[in-house]
Amino acid sequence: MDIMRTHYASDITPGMDGDTVTVAGWIHEMRDLGGIYFLVLRDRGGFMQITMVKKKTDPELFDSARRLIRESVLTVTGTVKREDKAPRGYEIIPQTVSVLSESDSPLPMDITGKVDADIDTRLDSRFIDLRRRKTLDVFEIRHHALKAVRNFLENEGFIEIHTPKVVAAATEGGTALFPITYFNREAFLNQSPQLYKQIMMSAGFDRVYEIGAIFRAEEHDTLRHLNEATSIDIEASFMDHLDVMGILERLVHEVYAQVSVDCAPQLEELGIELSVPKLPFKRVSYDDALEIALSEGHAIEWGDDFGTAAERAIGNAIGEHYFLTDWPTEIKPYYTHPYDDKPVYSKSFDLMHPRMELASGSQRIHSHKLLHEMIEAHGLNPDGFDFYLKAFQYGMPPHAGWGLGAERLVMTMLHVENIRDVVLFPRDRKRLSP
RNA sequence: GUCCGGAUAGUGUAGUGGCCUAGCAUGGAGCCCUGUCGAGGCUCCGCCCCGGGUUCGAAUCCCGGUCCGGGCGCCA
């Protein structure tokens, strides 16, 4: 079958005056002035004005066009006419208008930007919500951001991998998992590719990354949590935590820089001025951050994690992206490498945006013996980690890595309040559909 | 897990005991209009989450339920 259109809205220019084109899209708006009738057709790239002057248009075409229903899908074949009075300097004078799919009415929400809709209404009819320019902008930017991530990691010599999402046991303990039935056994949705990307270090892949779904069964209900999120994970051999922090900050910098170039129109439509964070990011040790939190009146003892309020206070004090480094070993996962000379501290870091945590990472323990001990010290049963520990018995290089929340990266970049706004079909405490 | 808040036309809201036969905007139906671009004008259509209670009188107060939103904890 031939493609049904010859041009997208973005392909047509006033210079094409006189050309015959076939365009396709949704009816965005109609304006009937009596003797002249304007139809605004929308495709992914923009809007086109279809103009019909009553006296100059076939009466049958004119009447049927006036009876169209908004958001119906049309193809229009017509002549491009240069016209200074038209929105983009041109309009299309139609010869034929075909309705490919008639819309129901009324619509589940306004999509022209006149009346707001609640996030819940929007998500219930996400397919309509995504027709709204500003919603689409966010996802175009998300696409470009992830493309920049892939390009960057590709250039740094990383291999893309895909690890299992259905697993037999918890990765790190702590967070709640979604249990599922796997034939007649219990299994879980993976909370992180952590164990598998580390196994790939033993396999000699040297540098790997994965962009994929992670699942957390926490019953949180906040603007920055999802039960299904997208994680950007890397793991790299013969590197320490400082090396992968360098990769991470350069990656974030690159994403901002690339998006500001690739997505200038979308950013403008959203009214966002993107400031590319400066390199290098500040390094703030856990101990220094603790002092800031204490001086701001937050009662935290050494060895506690920072609560949301303290985290925000520290973020306000710093005011830009920063690394929170050298965490107490005891509050980090069992695979986190302690400093050899001061083992109560670990070679760990979180990447922070003033609003929230974006990523966390560390140098990993590569000694089989030490890892075994740490698993036990965390109250976990090493038997459940056989498949993982085995990879450390036959030549595991020193390695480090991190996991970065894709949604959080995008939402902080775009000043989006609600994390659901950067996910097509978010999964949260209440929402399992669509 | 815990604490707080909310539910009014398709959508977004106003209304906190009688002036509500529920206002406004958007939308839908129809009419007028030859340059609209959040078009404009006129007419019409469409809503108080469910159940119980208090009261002469409940959208409004109370109780229960359902659904939804958010803070904290946990985390990315």
Side-chain angles (χ1 to χ4, degrees), chain A residues 28-40 47-57 62 66-67 69-71 81 83-89 91 103-125 128-129 132 172-177 191-194 212-233 304-312 331-333 350-353 355-361 402-412 417-420 422 428-431:
Chain A
H28 190 67
E29 284 184 284
M30 295 112 92
R31 292 202 188 81
D32 184 356
L33 277 67
I36 188 165
Y37 177 76
F38 302 105
L39 192 70
V40 180
F47 302 97
M48 295 154 277
Q49 177 167 286
I50 316 295
T51 303
M52 279 169 260
V53 175
K54 191 173 188 177
K55 285 186 198 159
K56 299 180 183 170
T57 307
F62 194 81
R66 289 176 69 163
R67 284 197 301 273
I69 297 169
R70 284 172 63 201
E71 292 305 313
K81 183 184 166 208
E83 175 55 69
D84 291 339
K85 284 179 281 189
R88 266 144 284 267
E91 58 196 10
S103 174
D104 271 354
S105 179
L107 297 163
M109 74 183 84
D110 169 64
I111 71 165
T112 60
K114 289 175 198 160
V115 183
D116 284 340
D118 287 343
I119 182 78
D120 211 43
T121 305
R122 293 170 47 211
L123 291 175
D124 282 342
S125 300
I128 290 275
D129 180 46
R132 308 198 312 168
E172 343 193 335
T175 196
L177 300 183
Q191 68 184 101
S192 153
Q194 181 65 30
I214 57 170
F215 303 90
R216 309 272 163 105
E218 299 291 340
E219 295 195 16
H220 36 221
D221 189 7
T222 78
L223 296 172
R224 62 188 188 286
H225 288 95
L226 292 165
N227 293 294
E228 178 178 358
T230 309
S231 178
I232 302 164
D233 266 272
D304 287 348
D305 206 341
F306 301 105
T308 306
E311 191 178 287
R312 210 166 286 144
I331 54 170
K332 282 291 170 184
D350 282 1
L351 172 64
M352 307 296 299
H353 179 277
R355 283 175 61 197
M356 67 187 81
E357 180 183 341
L358 299 181
S360 69
W402 42 254
L404 165 65
E407 284 81 17
R408 289 190 174 184
L409 176 65
V410 174
M411 75 186 285
T412 51
E417 281 295 315
N418 192 332
I419 196 165
R420 295 164 184 83
V422 302
D428 62 29
R429 174 74 186 84
K430 302 283 173 61
R431 185 170 286 278

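So you know, we letter chains A, B, ... as the sequences are listed, proteins then strands, and number each from 1.
- The distance between atom CE of A:Met30 and atom P of B:G40, rounded to the nearest whole Å, is 16 Å.
- At a threshold of 4.0 angstrom between heavy atoms, the contacts of A:Ser105 are confined to the sugar-phosphate backbone, with no base atom among them.
- What separates CG of A:Leu177 from P of B:C75 is a distance of 13 Å, to the nearest Å.
- A sub-4.0 Å separation between OP1 or OP2 of B:G12 and a side-chain N or O of A:Thr121 is present.
- Comparing the C1' positions of B:A14 and B:A7 gives a spacing of 15 Å, expressed to the nearest Å.
- Of the listed nucleotides (B:U34, B:C72, B:C75), B:U34 has the atom at the smallest distance from the side chain of A:Lys55.
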What protein N or O atoms touch nucleotides 2-4 of chain B N or O atoms at under 3.5 angstrom, if any, and at what distances?
none

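- Taking the salt bridge (charged side-chain N to carboxylate O under 4.0 Å, His left out) definition, one finds that A:Glu29 meets it with A:Arg31, A:Lys114, sequence neighbours left out.
- Taking the nucleotide of RNA chain B with the nearest heavy atom to each of A:Thr51 and A:Leu107, the more 5' of the two is matched to A:Leu107.
- Ranking B:U34, B:G70, B:C72 by closeness to the A:Arg420 side chain, first place goes to B:G70.
- For B:G46 and B:C24, the P atoms lie 14 Å apart once the distance is rounded to whole Å.
- Among the protein residues, A:Asp32 comes within range of the nucleic acid bases, having at least one heavy atom under 4.0 Å from a base atom.
- Separation of the C1' atoms belonging to B:G17 and B:G73 is 41 Å when rounded to the nearest angstrom.
- Going from the P atom of B:U13 to that of B:G18 covers 24 Å, rounded to whole Å.
- With sequence neighbours left out, A:Phe306 forms a ring-ring contact (aromatic ring centres under 6.0 Å, His included) with A:Tyr286, A:Trp327.
- Between A:Asn418 and B:G70, a side-chain N or O to OP1/OP2 separation shorter than 4.0 Å is present.
- For the atom pair NE2 (A:His353) and CZ (A:Arg355), the distance works out to 6.5 Å, reported to the nearest 0.5 Å.
- The residues A:Asp350 and A:Lys332 are annotated as salt-bridged, a charged nitrogen and a carboxylate oxygen being separated by less than 4.0 angstrom.
- The base of B:C75 does not come close enough to the side chain of A:His220 for any donor and acceptor atom to sit less than 3.5 Å apart.
- Remark: the separation of the P atoms in B:G28 and B:C72 is 40 Å, to the nearest Å.
- Along RNA chain B, the nucleotide nearest to A:Ser360 and the one nearest to A:Arg431 differ in position, and the one closer to the 5' end is contacted by A:Arg431.
- Rounded to whole angstrom, the span from the NZ atom of A:Lys430 across to the P atom of B:C67 amounts to 8 Å.
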Taking N or O atoms only and anything under 3.5 Å, show me the protein contacts with nucleotides 36-38 of chain B, one pair per line.
unit_1 : atom_1 : unit_2   : atom_2 : d
B:U36  : N3     : A:Gln49  : OE1    : 2.8
B:U36  : O4     : A:Gln49  : OE1    : 3.0
B:U36  : O4     : A:Gln49  : NE2    : 3.0
B:U36  : O4     : A:Lys85  : O      : 3.2
B:C37  : N4     : A:Lys85  : O      : 3.3
B:G38  : N2     : A:Lys114 : O      : 3.2

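- Summarising the base pairing, B:A59 is matched to no nucleotide, lacking a Watson-Crick or G-U wobble pair whose two defining distances lie under 3.5 Å.
- In this structure B:U54 sits in no base pair that meets the Watson-Crick or G-U test at under 3.5 Å.
- The backbone N or O of A:Val115 sits less than 3.5 Å from a side-chain atom of A:Asp110, completing a donor-acceptor pair.
- Checking B:G73, B:G35, B:A76 against the side-chain heavy atoms of A:Arg408 singles out B:A76 as nearest.
- Counting to the nearest Å, the P atom of B:G27 and the CG atom of A:Asp110 are 7 Å from each other.
- In this structure, A:Arg355 does not reach the B:A76 phosphate: none of its side-chain N or O atoms is under 4.0 Å from OP1 or OP2.
- Distance A:Leu223 CG to B:C74 C1': 16 Å, rounded to the nearest Å.
- Partners of A:Asp124 by side chain to side chain donor-acceptor pair (under 3.5 Å), not counting sequence neighbours, listed by chain and number: A:Arg431.
- The P atoms of B:U26 and B:C37 are separated by 14 Å, rounded to the nearest whole Å.
- For B:G10, the OP1/OP2 oxygens have no side-chain nitrogen or oxygen of A:Arg70 closer than 4.0 Å.
- Salt bridge status for A:Lys81 with A:Glu83: present, with a side-chain N to carboxylate O gap under 4.0 Å.
- Within the nucleic acid shown, A:Leu409 has no heavy atom closer than 4.0 Å to any nucleic acid atom.
- Following rounding to the nearest Å, A:Glu218 (CD) and B:G70 (P) show an atom-to-atom distance of 17 Å.
- Comparing B:G70, B:G12, B:A76 by their closest approach to the side chain of A:Asp118 singles out B:G12.
- Nucleotides B:C47 and B:G10 place their P atoms 7 Å apart, quoted to the nearest Å.
- Going from the C1' atom of B:U34 to that of B:C68 covers 48 Å, rounded to whole Å.
- Residue contacts for A:Gly405: at a heavy-atom cut-off of 4.0 Å it reaches no nucleic acid atom on any strand shown.
- At a threshold of 4.0 angstrom between heavy atoms, the contacts of A:Ile119 with the nucleic acid are absent.
- Side chain to side chain, A:Glu91 and A:Thr51 meet the donor-acceptor criterion of an N or O pair below 3.5 Å.
- Among the heavy atoms of the strands lying under 4.0 Å from A:Arg312 are primed sugar atoms or P, OP1, OP2 only; no base atom is included.
- Residues forming a side chain to side chain contact (heavy atoms under 4.5 Å, CB included) with A:Arg66 (at least two apart in sequence, or on another chain): A:Asp32, A:Tyr37, A:Lys54, A:Phe62.
- Using a 4.0 Å heavy-atom criterion, one finds that A:Ala117 contacts the sugar-phosphate atoms exclusively.
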